[in-house]
Amino acid sequence: MSGDDDPPVELEARLADQETFEPSAEFVSQANVSDPAIYDEFEQNWPECWERAADLLSWDQEYDTVLDDGNKPFYEWFTGGELNASANCLDRHVEEGRGDELAIQWEGELGDTREFTYSELLREVEEFAAVLGDLGVREDDVVTLYLPMIPELPIAMLACARIGAPHSVVFAGFSADALATRMNAADSDHLVTCDGYYRRGDALDHKEKADEGLESVTGDTTTVVVDRLGDELDHSLGEDQYDYDDLVAEQEGASVDPVSRDAEDMLFLMYTSGTTGEPKGVKHTTGGYLSYAAWTSHAVLDVEPDDTYWCAADIGWITGHSYIVYGPLALGTTSVMYEGTPDYPEKDRLWELVEDYGVDIFYTAPTAIRAFMKWGQDYPKEHDLSSLRLLGTVGEPINPRAWKWYYTHIGGEECPIVDTWWQTETGGMMITTLPGIGEMKPGSAGPPLPGIDARIVDSGGEEVGAGDAGYLTVDNPWPGMLRTLYNNDERFLEEYWREYSDPDADEWVYFPEDGAKIDSDGYITILGRVDDVINVSGHRLGTMEIESAIVGTEGVAEAAVVGGDHDLKGEAVYAYVIVEDGYEGSDELRERIIEGVEEAIGPIARPEEVVFTPELPKTRSGKIMRRLLEDIASGNDLGDTSTLRNPDVVDDIAAQVRGD
Ligand code: ATP
Ligand code: MG
C-alpha cells in the first residue's frame with residue numbers, strides 16, 4: 001500500500017474507542033434545524049407544534065383543527081383542511097418559477113439516464129392522470145403499481161394522487177402470489193406494471209409474473225404495461241391490457257386539475273415488508289402523512305431545494321415512498337433514482353453515482369453498509385465523495401463498527417450520520433438525532449424527535465431505568481401515523497394498541513413491537529423486535545445486542561443471532577457469521593467472537609455454536625429472516641422459503657449445522 005492509502009486505517013483505529021461524535025460547526029451553521037430549543041417548543045406547544053409541519057405544504061383549504069382525538073386511537077389530523085399531494089410535489093414549485101429545476105435524475109443499471117425538471121414531471125403526471133381517468137379510475141379507487149425503480153413509478157404515484165385514487169405499490173421483487181393477495185385485499189381493479197427490467201445485467205421478465213398474479217385476482221382488471229426493455233423483451237398485451245406509451249400519446253398535453261382531498265382522505269395503502277408474518281395493509285392519509293414526510297425530510301435529512309439528494313432504497317418500501325418521492329419532492333429538491341444493484345457492474349457503482357451527480361445527502365440501509373464494509377474501503381476510495389454533507393441509515397440497527405466505517409470511508413469524517421428508527425406504520429422517522437443538534441452515539445438511534453413521546457417500559461407499562469432493556473412505546477399520536485389497517489380496524493387495535501393502552505381510562509399507547517433501552521441522556525438503542533428475545537436459563541437477551549458484539553469483532557462482516565432449543569438452558573445462542581473479505585472462518589476467529597460476546601454482555605450470552613456462512617437468509621427488503629435460522633438451530637422443518645431473496649443459502653446453512 002502506498003503512503004496515501006494508510007491514513008484511513010489509522011483513523012479507524014483511532015475512532016475505535018470514540019463513543020460520541022459532534023457535527024462540524026460548518027454543518028451546524030447551515031442546518032435547517034440547529035436550535036436545541038425546538039425540543040421544548042414542541043413539548044410545550046403540543047399538538048399545535050405540528051402546524052410547523054403543515055406549514056411546509058400548500059393547502060387549498062386551511063384546516064380547523066390540528067388534532068382531533070375524539071375517537072382514540074383513530075386520531076385525525078388537520079381536519080377541515082384540503083390539499084392535493086401532487087400539487088404540493090409539483091405545481092407549486094412550477095408556479096414559484098422553479099419549473100426548470102431538476103426533480104428526478106434517474107439512472108438505469110446499464111448507465112442509461114433520464115431526467116425530469118419539475119415542469120416536465122408535472123406534464124408526465126398530468127398525461128398519465130388523464131390516462132387513468134380515461135380507463136375509468138375514479139376518486140378513491142385503489143390502483144396497484146407493480147413496478148421496479150423506473151421513472152414511471154413515481155409518475156404513476158403522483159398521477160394517482162392527482163385524481164385522488166390511492167395507490168398500492170407492490171415491490172417488484174415480490175412474487176405473483178404476493179401481487180394477487182395484495183390486489184384482492186385492496187379490492188383493486190387497476191394495475192400498472194412493465195415488461196421487465198435489468199438486474200445484474202440480465203433482462204428480467206416482469207410481465208410474466210404480473211400475468212400469473214392476475215390469474216388469481218378476482219374481478220375484472222385493467223392493466224397498463226410500461227415498455228421498459230424495448231426490443232430486448234417482446235411484450236404482448238392480453239385482453240384489457242394497454243401499452244403505457246400508446247395511452248400517454250393519446251393524452252399529449254392534457255391538463256388535469258388536482259382534486260382537493262380532505263386531509264384525512266387516503267393517499268396510499270402500503271403493505272409492511274412481512275419480516276415477521278402476514279403483511280399488514282397500512283393506510284396513510286393526505287394531510288398528516290405528507291406534512292410528516294416533508295417535515296422529517298426538512299429537519300432530519302436537512303433537504304434544501306438546491307440539494308441533490310439520494311435515498312438508495314426501493315420505492316416499493318415505505319422508505320422510498322416517504323424519502324424518494326413525497327418528502328423530497330414536496331420540498332422541491334433534486335432526487336436521484338437508481339434502477340440497479342450496488343455491485344453491478346462493479347462494487348463501486350453507488351460511489352460512482354455519488355461522484356457523477358454530486359450527491360449532497362445519502363440515505364441507505366445497514367444491510368448495504370455492511371456489504372460495503374465487506375467489500376472493503378478501496379471501492380469508495382476510487383471516487384470523489386466530497387460533495388456529501390449528510391448520511392443516513394434506516395431499516396435495522398447499525399452496530400458501532402459499521403457506523404464508524406460509514407462515517408470514515410463514505411463521509412470522510414465530515415458528515416453527520418442520522419440513524420433513523422421508524423416503520424411503515426409511522427409514515428416517517430421517529431427516533432433519530434437532529435443532525436445539526438447535539439452529539440451522535442454510534443449504535444444508538446438517538447432521542448425521539450421533537451413532539452414524539454417515546455418511552456421504554458417494562459411488561460407492566462412502567463418506565464424502566466437508564467440502561468435497562470424494555471419495550472418501546474409511543475404515548476402521543478403524530479401526524480404521519482397510520483390511521484388503520486385497510487378494512488381491518490380490529491386488527492389495527494390488536495396489533496398496535498392492546499398491549500399497553502387502558503381503554504377504560506381512554507389512555508392509548510402505540511406499541512411498535514420493538515425492544516429498546518434508553519441511556520441517561522435519553523438516547524434510545526433499538527434492541528430488535530420483541531419476538532427476537534432469547535431466553536437463556538431465565539435470562540432475557542436481545543439478539544441485536546449480541547449481534548452488535550459479534551460484528552464488533554475484527555474480521556466479521558455480518559452476523560445473525562437466534563435462539564435454538566437447548567435441553568438444559570431452554571434456549572441457547574446460535575450465531576451465524578459472515579466473514580469479511582480477506583479473513584477466514586477459523587477456530588481463532590470463533591474464539592475471538594465468543595470472547596467478544598462474553599466481554600460485551602457476559603458469559604450468559606456465550607454462543608453455543610458459531611456457524612460461518614457466505615450469506616444469510618434475507619427478506620426482499622434486505623432484513624435477516626431470523627425465523628428460518630431459529631428453525632435450523634432447533635432442528636425444525638423449514639417450511640416455505642420462497643419469499644426469500646436467496647432461498648438456496650438456507651439449505652447450505654442447515655447442512656452445516658446438522659453436520660451433513
Ligand atoms: P413486518 O412488520 O411485516 O414484519 P417490517 O417490520 O420489517 O415487516 P418495516 O416497517 O419496513 O417492516 O420495518 C420496520 C422495522 O424495522 C422496525 O419496527 C424496526 O424493527 C426496524 N428498524 C427500522 N429502522 C431501524 C433503526 N434505525 N434501528 C433499528 N431498527 C430499525
Ligand atoms: Mg413491522
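What you see is a predicted model, and the numbers here were worked out from it, not measured in a lab. In each ligand, atom 1 is the first atom listed, and ligand 1 is the first ligand listed.
Contacts between Thr424 and ligand 1, counted as non-hydrogen atom pairs separated by less than 4.0 Å, involve both the backbone and the side chain. When heavy-atom distances to ligand 1 are checked against a 4.0 Å cut-off, Thr420 comes that close only through its backbone atoms N, CA, C and O.
A salt bridge does not link Arg620 to Asp314: none of the charged side-chain nitrogens sits closer than 4.0 Å to a carboxylate oxygen. Residues Glu615 and Arg645 are not paired through a salt bridge, judged by the lack of any N-O separation under 4.0 Å between the basic side chain and the carboxylate. One finds no salt bridge joining Arg529 and Glu513 here, because no Lys/Arg side-chain nitrogen approaches an Asp/Glu carboxylate oxygen to under 4.0 Å.
Of the N or O atoms in Pro512, none lie within a sub-3.5 Å distance of an N or O in ligand 1. Any N or O atom pair closer than 3.5 Å counts here, and Thr393 shares no such pair with ligand 1.
The ring pair (Phe, Tyr, Trp, His ring centres under 6.0 Å) test with Trp295 is passed by exactly one of Phe42, Tyr289, Tyr326: Phe42.
The shortest heavy-atom distance from Trp317 to ligand 1 is not under 4.0 Å. Residue contact check for ligand 1: Gly395 places a non-hydrogen atom closer than 4.0 Å to it. For the pair Asp419 and ligand 1, a heavy-atom separation below 4.0 Å is found.
Residue Thr272 has at least one heavy-atom neighbour below 4.0 Å for each of these atoms of ligand 1: 1 (P), 2 (O), 3 (O). Every atom of ligand 1 is numbered from 1 in the order shown, and the set under 4.0 Å from a heavy atom of Lys280 is 2 (O). The distance from ligand 1 to the heavy atoms of Trp422 drops below 4.0 Å at these ligand atoms: 14 (C), 17 (C), 23 (C), 24 (N). For ligand 1, the atoms sitting less than 4.0 Å from at least one non-hydrogen atom of Asp514 are 17 (C), 18 (O), 19 (C), 20 (O), numbered in the order shown with element in parentheses. The ligand atoms of ligand 1 that sit less than 4.0 angstrom from a heavy atom of Arg529 are 4 (O), 5 (P), 6 (O), 7 (O), 15 (C), 16 (O), 20 (O).
Taking all heavy atoms of Met544, Glu396, Lys623 into account, the minimum distance to atom 25 (C) of ligand 1 is reached by Glu396.
For the ring-ring contact (aromatic ring centres under 6.0 Å, His included) test, no residue two or more places apart in sequence or in another chain qualifies with Tyr338. Here Glu463 pairs with Arg455 under the salt bridge (charged side-chain N to carboxylate O under 4.0 Å, His left out) rule; sequence neighbours left out.
With hydrogens and angles left out, the side-chain atoms of Thr272 and Thr424 include no donor and acceptor closer than 3.5 Å. Between Trp478 and Asp453, the side chains place no donor N or O within less than 3.5 Å of an acceptor N or O (distance only, hydrogens not considered).
Between Met157 and Val325 there is a side-chain heavy-atom pair separated by less than 4.5 Å.
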